[in-house]
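A note on names: the letters A, B, ... follow the listed sequences, proteins ahead of strands, and every chain is numbered from 1.
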Amino acid sequence: MRTYTIDSKDKIGEEIELKGWVQSRRDHGGLIFIDLRDHTGITQLVVQPENEDSFSIAEHIRDEYVISVEGEVVARSEELKNPNIPTGEIEVRVSKLTLLNRSEPLPIQIDGNDTSEENRLKYRFLYLRRPKMQSMLTKRAAYYKFIRDFMEQNEFTEITTPVLANSSPEGARDFLVPSRFHPGKFYALPQAPQQFKQLLMVGGVNRYYQIATCFRDEDPRSDRLYGDFYQLDLEMSFVDDGEEVRQTTEPLIKMLAKDFAGKKLLFEDIPRINYQEAMDRYGSDKPDLRFGMELIDLTEELSETEFGVFANSIKNGGVVKAICVKDGANLSRSQIDKYTDVAKSEGAGGLAYITYEDGQPKSTIAKFLSETELTIIQSKLDAKDGDIVFFGADTRLVANKVLGRLRNEFADLKDLKDPNVIALAWIVDFPFYEWDDKANKVDFGHNPFSMPKGGAESLESAKTDEGLLEIKADQYDLVMNGYEVCSGAVRNYNPEIMYKAFDLLGYNKDYVNQKFGAMINAFKYGAPPHAGCAFGLDRIFMVLIGEENIREVVAFPKNGSGVDVMMNSPSGVDTQQLAELNIKVEDSTK
RNA sequence: GGGCUCGUGGUGUAGAUGGCCUAACAUGCCUCCCUGUCACGGAGGAGAUCGCCGGUUCGAAUCCGGUCGGGCCCGCCA
């Protein structure tokens, strides 16, 4: 007999039972209306004074009380219909009203003013009552089902891997779990099931997947959760080319964008962009391709320039690059100052620009540039009246970074990011090694498990640091509207190449054996070639439903300091517990 | 670890050039009235020493220093 509000439209004349929360009560003295909310929506209840028992209860009901009602679904007459809610054509004439539970006045509003994120987290159980959050939770369940269906259809086998695992030497900080059996030793919660899934390949599993909880103890961002988050982790055996992984998985992501989220794909055929090209054209390895505004290299054209800032940069082996912001000439002085600060925060010395008005370039730097140079700048950037061109003159790395960041800022300013469009791109050919500025040496670019392109030969033929930096990894990221949503690689399954890759950085066999013993050991016994990737499920879901804060797509997230302000974790523990674990802390109350 | 920014009744905001602030508005809350509202309406009422500590001043929500907490970003992280 129990019904949900949305269904009740079709039940005119029927006796139904509804249970839910009181969204609001409108007491007209001799007639009381109650908006009842459940997980499906709102229904108006009418309580009449003739029904004395129910009426006296209704008189004392307050917002967010939990009630149960029985009554008849009646059609509202024309002038009483409410077009603003789905159930506005009916109401329920209450025959029996039961109070199930009371509620104190709420610290946050369900249907009204938004509140600080602190309160949204502290009173998460109330925030979740909001229709937006209810919808988020059910959509998320449908999202998981969609993904599982796809994976099963593509003959992937779901296998769970341990949560109590080993500390991994590369990557993020681990969460450690002390061992009671082995004093002084620790498990670590996995940052990803990376090693386990590779061992599954050695174990003869053909295609593995898992919706895996991953743990990382790193500072969060608005697109990065603290602590635990979810990945669609997968791996395929007998695959030695990343293209096979990309082609197997991209139908899923396209279907999620189109069929699940109802968005438009900017490219039906997902482009492959190599890493260096992405950096040069967009100043980012995760470019948002919903808009153009590409970085234009003017180094060659300005090689003879008299303008000191540009000339210096070029002389020192750097570049001069620029972006053109359409209709940006009307930027105010203070806006430009703001963007100059942004540029400086990315390492730029300043931010030169030229505006175009009445067919003329206008700029404080124009007098340093020759007529020819001004002409070629305007034509290469395709700058028209009303546009503004910003310059980055620095090392290639810094100029790309600065202009890449500005490209994003200006796209926000000019509203160029269409929320109904999904732009996907695979970024490929990441460098196998990268220059580590701090350590002043070459180090692994990403994880050391990737296969260098060209295998052992490419490692052996590289004689210098420069040579090493030329080596590409068969590694790939999927980028979605400027967010990195997937990362994968063809794995290095050959112990000799693994040792060699570490050897070139000065790590000996013992080091590798110690850090990756289980994997290296397993690889000795007939490891098949394999490749895979992992999709960041929270982040993809966030983009698909149009959220910009990843905490809004998770039921119980932690705050920016890694604290669960609702449950009050992390928290101190009994000295008894600590003693069992052989742990001493200086002051557990701190 | 660093930069920026915010902190005012339960909630959301205003007040920021120091005095008119005995802190305003909306919403929520309490009491009463009201038989067609749906952001119901009407009358009345309670509720904040302006995050905390210190300083400047005749006088501080407002200025200064510190501190605590939140958010965004960099570092970090895939």
Side-chain angles (χ1 to χ4, degrees), chain A residues 23-36 42-50 55 59-60 62-64 74 76-85 87-88 91 93 103-123 126-127 170-174 191-192 194 214-227 229 231 233 285-286 338 341-342 344-347 401 405 408-409 427 430 437-438 444-447 449-450 475-479 483-489 533-536 539 548-549 551 559-561 563 565:
Chain A
Q23 167 108 355
S24 75
R25 186 186 70 113
R26 292 178 293 280
D27 186 345
H28 288 249
L31 185 68
I32 295 171
F33 297 99
I34 292 168
D35 286 345
L36 184 75
I42 303 284
T43 302
Q44 174 165 280
L45 312 176
V46 191
V47 188
Q48 290 162 306
E50 296 76 39
F55 194 80
E59 281 187 300
H60 295 102
R62 294 294 178 263
D63 285 359
E64 298 305 317
V74 296
R76 299 199 202 177
S77 63
E78 206 52 47
E79 69 278 13
L80 298 180
K81 285 180 180 171
N82 181 357
N84 300 319
I85 61 172
T87 59
E91 63 193 10
R93 198 159 292 163
S103 170
E104 292 183 13
L106 263 41
I108 68 171
Q109 290 173 260
I110 306 299
D111 176 35
N113 287 331
D114 215 335
T115 185
S116 66
E117 178 153 54
E118 205 171 354
N119 277 336
R120 294 208 297 269
L121 294 175
K122 186 170 179 186
Y123 299 102
L126 296 178
Y127 188 61
E170 297 290 323
R173 294 185 185 90
D174 287 314
Q191 300 176 21
Q194 181 70 31
C214 304
F215 303 87
R216 288 178 194 156
D217 183 11
E218 293 295 343
D219 287 15
R221 291 284 186 276
S222 54
D223 66 346
R224 203 167 76 196
L225 289 160
Y226 176 78
F229 63 100
Q231 285 190 345
D233 191 46
D285 62 355
K286 44 181 174 134
K338 199 188 90 189
D341 287 343
V342 170
K344 284 179 178 167
S345 76
E346 297 290 345
K401 210 170 132 195
R405 170 79 188 272
N408 243 317
E409 298 278 338
I427 309 298
F430 280 78
D437 249 344
K438 272 182 232 152
F444 285 107
H446 288 66
N447 70 51
F449 307 117
S450 308
Q475 204 232 311
Y476 36 87
D477 282 3
L478 182 68
V479 174
Y483 292 96
E484 181 205 313
V485 296
C486 172
S487 191
C533 62
F535 291 85
R539 192 177 289 167
E548 292 191 346
N549 180 345
R551 275 163 259 135
N559 77 2
S561 316
V563 173
V565 289

Per atom distances to the A/S561 side chain, the nearest of B/G71, B/C74, B/G10 is B/G71
Q: Run the salt-bridge test on A/R76 and A/E91 with the 4.0 Å N-O cut-off and return the result as yes or no.
A: yes
Nearest heavy-atom contact between A/R551 and A/R221 is NH2-O, 3.8 Å
Checklist entry - If you measure from the C1' atom in B/U67 to the same atom in B/C20, how many Å do you get, rounded? => result 33 Å
- Message: Do the side chains of A/R405 and A/E409 get close enough for a salt bridge, i.e. N-O under 4.0 angstrom?
- Response: yes
Polar side-chain contact A/R224-B/C77 base: donor and acceptor under 3.5 Å:
yes
In Watson-Crick or G-U wobble terms, with both distances under 3.5 Å, the base opposite B/U17 is none
Going 5' to 3' through nucleotides 33-39 of chain B and flagging B where a protein heavy-atom sits under 4.0 Å of the base, S where only the sugar-phosphate is that close, and - otherwise, we get -BBBBB-
(Q) Taking B/C50 as the reference, what is the distance to B/A23 when you measure between their C1' atoms (whole Å, please)? (A) 8 Å
Pairing partner of B/G1, by Watson-Crick or G-U wobble and under 3.5 Å for both distances, is B/C74
Item checked: hbond_proxy A/D219 side chain to B/G75 base (donor-acceptor, 3.5 Å cutoff) -> yes
Residues A/R120 and A/N549: closest non-hydrogen pair is NH2-ND2, 4.4 Å
In Watson-Crick or G-U wobble terms, with both distances under 3.5 Å, the base opposite B/G69 is B/C6
By the Watson-Crick or G-U definition, both distances under 3.5 Å, B/A61 is matched with none
Between B/A14 and B/G55, how far apart are the two P atoms, rounded to whole Å? 30 Å
Looking at B/G3, I'd like to know if its phosphate oxygens (OP1 or OP2) sit under 4.0 Å from a side-chain N or O belonging to A/S345. no
RNA chain B nearest-nucleotide lookup for A/N549 and A/G171: closer to the 5′ end is A/N549
ask   = Using atom P of each nucleotide, how far apart are B/U31 and B/U37 to the nearest Å?
value = 25 Å
Among B/C74, B/C77, B/G70, the one nearest any side-chain atom of A/R221 is B/C74
**Asked** Looking at A/R26 and A/D35, does any basic side-chain N land under 4.0 Å from a carboxylate oxygen?
**Response** yes
Note to self: Atom CZ of residue position A/R93 - does it have more than 12 heavy atoms of other residues, nucleotides or ligands inside 6.0 Å?
What the structure shows: no
- Message: With rounding to the closest Å, how many angstrom separate the C1' atoms on B/C33 and B/C40?
- Response: 14 Å
Taking a pair to mean Watson-Crick or G-U wobble geometry with both distances below 3.5 Å, B/G44 pairs with B/C30
Axial cation check for A/Y483 ring with A/R539, 6.0 Å and 45° limits: no
